[in-house]
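Below is one structure, written out as structure tokens; the observations come after it.
Numbers here are sequence positions counted from 1.
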Amino acid sequence: MARMPVRPYHHGDLRSALLESAERTLLEKGVAALSLRELARDVGVSHAAPGRHFKDKQALVDALALTGFERMAKELTAADHPDLPLEARLTELARTYVQFAVTHAELLEVMYSRKHDPDISEQLRSAVDGTTTQFVQIVTDAQERGEMIPGPPWTIALVIGAALHGTASFAAQGTLTPEAAVSDIPTLIHHLLTGLTPRENE
């Protein structure tokens, strides 16, 4: 039987190709379907080649989580505009987070499944922290201007994050459509900032 031809690749390309294939598999079939052997077949390399970058499936999953957090952090950084008023600034950042979450729901599940594992690498832990930086900074800036209650910025940012992640989860479960989850963000942020008790002139 003739051997299947192996596609040549340049140094550094294989890891990216494997991760792209893994994310497609994740989207189409879920994390249980991830297999280094199948990914090797998909990108056209020998079944042993992925071992140069990922020692096992868990290492592949961690790499997917890492790239997910890095991409999310990059999008959040690009969406943060400190010159905007507080509500507009927070709304833009929140919309970006929820848009990423509903667009990459399967990847987000992998990301958060690894987030709290005590054995994750420092690189992954740092990437996780990078996705909270902008929200903590918004809280800190608002507190300095007297626009938000005093208190630990991380704790207040956690309240915001819980509301956003909950919205994304509702979309993933079908309680909300992805479109509704994103379009409802301005109302959500308004309620977070102003509370739910009756206010005059509203």
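Put simply, the side chain of Ser126 never gets that close to the backbone of Gln123: no donor and acceptor are under 3.5 Å apart.
At least one side-chain heavy atom of Leu60 sits less than 4.5 Å from a side-chain heavy atom of Leu19. When side chains are defined from C-beta on, Met111 counts as touching Leu107, because their heavy atoms get closer than 4.5 Å. Taking 4.5 Å as the limit, every side-chain heavy atom of Thr167 sits out of range of all side-chain heavy atoms of Asp184. A 4.5 Å side-chain heavy-atom check between Thr133 and Val136 finds every atom pair outside the cut-off. At least one side-chain heavy atom of Arg24 sits less than 4.5 Å from a side-chain heavy atom of Ser21. Met148 places a side-chain heavy atom less than 4.5 Å from the side chain of Leu193. Looking at heavy atoms from C-beta onward, Leu164 lies in side-chain contact with Ile185 at the 4.5 angstrom threshold.
In this structure, Ile149 is not a member of the same hydrophobic cluster as Trp154, with clusters built from ILVMFWY side-chain heavy atoms closer than 4.5 Å. In the hydrophobic cluster analysis, where Ile, Leu, Val, Met, Phe, Trp and Tyr join through side-chain heavy atoms closer than 4.5 angstrom, Phe100 is grouped together with Tyr112. The same ILVMFWY cluster, assembled from side-chain heavy atoms under 4.5 Å apart, contains both Leu26 and Leu124. Cluster membership check: Val102 does not share its hydrophobic cluster with Leu176, using side-chain heavy-atom separations under 4.5 Å among Ile, Leu, Val, Met, Phe, Trp and Tyr. When the side chains of ILVMFWY residues are joined at heavy-atom separations under 4.5 Å, either directly or via intervening members, Leu93 and Leu86 end up in a single hydrophobic cluster.
Heavy atoms from other residues, nucleotides or ligands lying under 6.0 Å from CD of Gln58 number more than 12. Residue-environment remark: CZ (Phe170) stays at or below the threshold of 12 foreign heavy atoms within 6.0 Å. The environment of Arg37 atom CZ is sparse: at most 12 non-hydrogen atoms of other residues, nucleotides or ligands sit within 6.0 angstrom. For Glu87, the CD atom counts as densely surrounded, since its 6.0 Å shell holds more than 12 non-hydrogen atoms of other residues, nucleotides or ligands.
Here the closest heavy-atom approach between residue Ala94 and residue Ile189 is recorded as CB-CD1, 3.7 Å. Considering every non-hydrogen atom in both Thr132 and Asp129, the closest pair reads OG1-O, 2.8 Å. When all heavy atoms of Ala33 and Lys29 are compared, the pair lying nearest together is CB-CB, 3.5 Å. Pairing each heavy atom of Leu108 with each of Ala101, the nearest pair is CD2-CB, 3.6 Å. Pro153 approaches Gln143 most closely through the heavy-atom pair CG-OE1, 3.5 Å.
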Determine, step by step, whether Leu39 and Val45 satisfy the side chain to side chain contact (heavy atoms under 4.5 Å, CB included) criterion, reporting the C-alpha distance in whole Å, the side-chain angles of both residues, the deciding distance to 0.1 Å, and the verdict.
-> CA-CA 9 Å; Leu39 293 180; Val45 296; over 6 Å; no
Report the C-alpha distance between Ile160 and Val139 in whole Å, list the side-chain angles of each, state the deciding distance to 0.1 Å, and finish with yes or no for side chain to side chain contact (heavy atoms under 4.5 Å, CB included).
-> CA-CA 10 Å; Ile160 299 170; Val139 173; 4.1 Å; yes
Determine, stepwise, if the pair Thr96 / Gln99 fulfils side chain to side chain contact (heavy atoms under 4.5 Å, CB included).
-> CA-CA 5 Å; Thr96 299; Gln99 183 67 64; 5.7 Å; no
Please lay out, stage by stage, how Met72 and His104 fare under the test side chain to side chain contact (heavy atoms under 4.5 Å, CB included).
-> CA-CA 10 Å; Met72 180 190 286; His104 307 285; over 6 Å; no
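Leu18 CG to Glu23 CD: the interatomic distance, rounded to the nearest 0.5 Å, is 13.0 Å. Note: Leu192 CG to Leu90 CG = 7.5 Å, rounded to the nearest 0.5 Å. Considering OG1 of Thr77 and CD of Gln134, their distance stands at 3.5 Å, rounded to 0.5 Å. The distance from atom CZ of Arg125 to atom CG of Leu66, rounded to the nearest 0.5 Å, is 12.5 Å. Here the OG1-CD distance, from Thr103 to Glu75, works out to 8.5 Å after rounding to the nearest 0.5 Å. Separation of atoms CG (Asp62) and NZ (Lys55) is listed at 9.0 Å; rounding is to 0.5 Å.
In this structure, a donor-acceptor pair under 3.5 Å is absent between the side chains of Ser183 and Glu179. Side-chain contact check for Glu38 and Thr25: no donor-acceptor pair (N or O, by modelled atom type) lies under 3.5 Å.
Residue Asp80 forms a salt bridge (charged side-chain N to carboxylate O under 4.0 Å, His left out) with just one option from Arg95, Lys74, Arg89, and that option is Arg89.
Ring planes of Phe135 and Tyr97: perpendicular class, angle over 60° (limits at 30 and 60°).
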